[in-house]
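Here's the structure, in structure tokens; my notes come after.
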Amino acid sequence: MNTVETIHQKVIQLPPKAQQEVLGVVEEIAERYRSKSPPAETNGGEEAIHPLELLAQIQIEGPPDLAERHDFYAHGKLEDR
């Protein structure tokens, strides 16, 4: 059973006034998602940073040839030279 079917089963059992209340809430939610993207969560009042930007900021110290010799460093595989 999907979400729509479940909601339908629950709402149909409610009195008409409660059904109108549910419809109002659903319309509010739909309007919120129709408008611009939902507000980004912030940490301590600061603007939120996108997770991909955080990943881009990660820096590791490693050998200068890490990219070229990835298989050797990551998997211990012998290289074809």
Side-chain angles (χ1 to χ4, degrees):
M1 182 179 307
N2 66 27
T3 305
V4 174
E5 292 169 342
T6 303
I7 292 171
H8 179 69
Q9 283 185 345
K10 300 290 182 182
V11 171
I12 201 74
Q13 299 171 9
L14 296 172
K17 186 173 181 173
Q19 290 180 13
Q20 287 298 324
E21 187 177 342
V22 170
L23 179 60
V25 171
V26 169
E27 287 175 354
E28 287 176 19
I29 293 169
E31 181 62 32
R32 189 170 59 229
Y33 281 92
R34 252 182 267 149
S35 64
K36 29 184 180 170
S37 61
E41 294 182 22
T42 59
N43 185 11
E46 298 175 9
E47 187 174 327
I49 299 174
H50 193 277
L52 291 177
E53 289 183 26
L54 291 174
L55 287 174
Q57 294 173 5
I58 294 175
Q59 296 179 3
I60 62 167
E61 291 193 24
D65 61 348
L66 180 61
E68 291 136 16
R69 298 184 66 203
H70 172 266
D71 285 338
F72 175 76
Y73 290 114
H75 309 291
K77 294 182 180 176
L78 295 177
E79 301 169 329
D80 296 330
R81 285 201 180 226

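Between atom CD of residue Glu68 and atom OH of residue Tyr73 there is a gap of 9.5 Å, rounded to the nearest 0.5 Å. Annotation: the span from Glu27 atom CD to Arg34 atom CZ amounts to 8.0 Å, rounded to 0.5 Å. Annotation: the span from Glu21 atom CD to Leu14 atom CG amounts to 9.0 Å, rounded to 0.5 Å. Rounding to the nearest 0.5 Å places NE2 of His50 at 9.5 Å from CG of Leu54.
Under the 4.5 Å side-chain contact rule for hydrophobic residues, Val26 and Ile7 share a cluster. Linking Ile, Leu, Val, Met, Phe, Trp and Tyr residues whenever their side-chain heavy atoms come within less than 4.5 Å places Val25 and Tyr33 in a single cluster.
A distance-only check finds a donor-acceptor pair linking the side chain of Asn2 to the backbone of Glu5 [under 3.5 Å].
Contact annotation: the side chain of Thr6 never approaches that of Gln9 to less than 4.5 Å [non-hydrogen atoms, C-beta and beyond].
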